[in-house]
Amino acid sequence: FDHYQDFETRAELRPSAWVIPLNPWPAGHLHLVEIPTPSEHNDNVVAQWIAERPNGSLEPLAFSYALHWTGESPGDAQRGRVVATRVASGRSDDAVQYFVDFESDALAEISSRRVLEGVVTIDPPSAAAILDQQVAKNPKTGGWRLVFQVSVREPARLTAFLREGPNVLTERWVEDATPP
């Protein structure tokens with residue numbers, strides 16, 4: 001409720017749908033679309049998979065998936081979820097600093113003495129540069145915080161997740177960054 005503060009629609013009580021691929025999907029990305037609406041009462045957000053294909057390709061694509069409907073938070077309980085993002089000015093005029101908090105029961109079990117790596121990517125790579133980054137255990141929540149600073153020269157898509165060695169521990173965080 002604290003995210004929506006809506007007495008009428010009670011969005012926090014609505015079920016979530018988790019899409020589980022049953023076969024390998026082609027390379028691509030998830031596209032979230034907000035459809036303009038004159039009323040807050042219309043559901044107006046949809047998601048679609050955009051497959052990477054050569055321009056003009058008419059080759060059919062096959063997708064197989066299951067939908068898991070739940071009233072709980074969707075996803076793998078072992079994988080860390082993004083629970084908060086904070087943004088601040090960086091140490092130079094073109095820099096932005098991000099604070100991304102990840103939490104899960106599994107992350108809480110990881111000792112602060114272990115080394116987790118923040119994997120931050122920029123698309124397109126020429127649009128921004130990573131100035132610094134740190135990963136630290138949050139002693140209050142048991143989660144982990146990724147803090148990184150980027151110098152943004154033009155609009156870019158930032159993605160980030162945590163891993164330990166080859167093991168990905170969290171979902172992927174995504175942000176569209178623009179120059180300050």
Side-chain angles (χ1 to χ4, degrees), residues 2-3 16-21 24-34 45-54 65 68 72-180:
D2 60 320
H3 290 286
S16 295
W18 192 251
V19 178
I20 304 164
W25 286 16
H29 65 276
L30 186 65
H31 186 73
L32 195 63
V33 179
E34 183 177 3
V45 177
V46 297
Q48 62 186 17
W49 184 255
I50 307 293
E52 292 177 10
R53 327 172 42 148
Y65 59 91
H68 175 72
E72 302 296 320
S73 294
D76 181 352
Q78 297 302 308
R79 187 162 289 212
R81 300 196 56 201
V82 175
V83 296
T85 300
R86 294 166 186 83
V87 182
S89 298
R91 62 180 160 212
S92 64
D93 289 343
D94 68 342
V96 180
Q97 190 167 23
Y98 292 92
F99 303 80
V100 183
D101 289 330
F102 297 91
E103 292 182 8
S104 73
D105 292 342
L107 285 177
E109 297 295 322
I110 298 174
S111 165
S112 62
R113 292 185 297 272
R114 288 175 39 194
V115 177
L116 301 190
E117 176 188 8
V119 179
V120 179
T121 58
I122 300 167
D123 184 33
S126 62
I130 300 170
L131 302 175
D132 62 45
Q133 74 176 57
Q134 305 88 38
V135 176
K137 177 96 172 178
N138 183 326
K140 297 289 185 190
T141 68
W144 288 77
R145 177 173 288 171
L146 168 61
V147 180
F148 64 97
Q149 191 170 176
V150 292
S151 170
V152 182
R153 295 180 287 277
E154 60 186 70
R157 170 149 297 170
L158 308 175
T159 63
F161 61 91
L162 299 181
R163 73 177 173 201
E164 184 177 34
N167 301 319
V168 174
L169 302 176
T170 66
E171 67 184 2
R172 190 174 306 266
W173 170 90
V174 179
E175 175 82 3
D176 288 328
T178 56

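Annotation for E34: atom CD does not count as buried by contact number, only 12 or fewer foreign heavy atoms lying within 6.0 Å. In this structure, F99 places its CZ atom where more than 12 heavy-atom neighbours from other residues, nucleotides or ligands lie under 6.0 Å away.
By the side-chain contact (heavy atoms from CB on, under 4.5 Å) test, P21 pairs with W25, sequence neighbours left out. Scanning for side-chain hydrogen bond (donor to acceptor under 3.5 Å, both in side chains) contacts around T178 gives an empty result, with sequence neighbours left out. By the side-chain hydrogen bond (donor to acceptor under 3.5 Å, both in side chains) test, E154 is found to be paired with no residue, residues two or more places apart in sequence or in another chain being considered. Partners of D176 according to the side-chain hydrogen bond (donor to acceptor under 3.5 Å, both in side chains) rule, which considers only residues two or more places apart in sequence or in another chain, are R157.
No side-chain heavy atom of T159 sits under 4.5 Å from any side-chain heavy atom of V120. The closest side-chain heavy-atom distance from R114 to E164 is below 4.5 Å. The closest side-chain heavy-atom distance from Q97 to V147 is below 4.5 Å. Two residues are said to be in side-chain contact when any heavy atoms from C-beta on lie closer than 4.5 Å; V174 and L158 fail this criterion. The side-chain heavy atoms of V119 and R172, taken from C-beta on, include no pair separated by under 4.5 Å. Side-chain contact between R79 and L169: absent, with no pair of heavy atoms (C-beta onward) separated by less than 4.5 Å. Looking only at side-chain heavy atoms (C-beta outward), V135 and L162 come within less than 4.5 Å of each other. Counting only heavy atoms from C-beta outward, the side chains of V96 and S89 never approach each other to under 4.5 Å.
Here the CG-CZ distance, from L131 to R91, works out to 5.5 Å after rounding to the nearest 0.5 Å. Taken to the nearest 0.5 Å, the OG1 atom of T121 stands 7.5 Å off from the CD1 atom of I130. H68 contributes atom NE2, which lies 6.5 Å from atom CD1 of I20 (distance to the nearest 0.5 angstrom). Put simply, CD on Q48 and NE2 on H29 are 8.0 Å apart, with the number rounded to the nearest 0.5 Å. The distance from atom OG1 of T85 to atom CG of D101, rounded to the nearest 0.5 Å, is 7.5 Å.
The nearest pair of heavy atoms linking D94 to S151 is OD2-OG, 2.5 Å. Across all their heavy atoms, A160 and L146 have their closest contact at CB-CD2, 3.6 Å. Of all non-hydrogen atoms in V168 and R163, the two that sit nearest each other are CA-CB, 4.0 Å. Shortest non-hydrogen contact noted between A156 and A127 is CB-CB, 3.5 Å. Closest of all the heavy-atom pairs between A128 and V152 is CB-CA, 3.9 Å. Across all non-hydrogen atoms, the minimal contact from S104 to L107 is OG-N, 3.0 Å.
Not a single donor-acceptor pair under 3.5 Å links the side chain of Q149 to the backbone N or O of Q133. Panel note: side chain K137, backbone G142; a donor-acceptor pair is recorded below 3.5 Å.
Screening residues 100-133 for ring-ring contact (aromatic ring centres under 6.0 Å, His included), with sequence neighbours left out, gives no hits. Within the structure, every pair that satisfies the ring-ring contact (aromatic ring centres under 6.0 Å, His included) test and touches residues 123-153, not counting sequence neighbours, is listed here: Y98-F148, F148-W173.
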Where do R81 and E103 land on the salt bridge (charged side-chain N to carboxylate O under 4.0 Å, His left out) test, with the steps shown first?
-> CA-CA 5 Å; R81 300 196 56 201; E103 292 182 8; over 6 Å; no
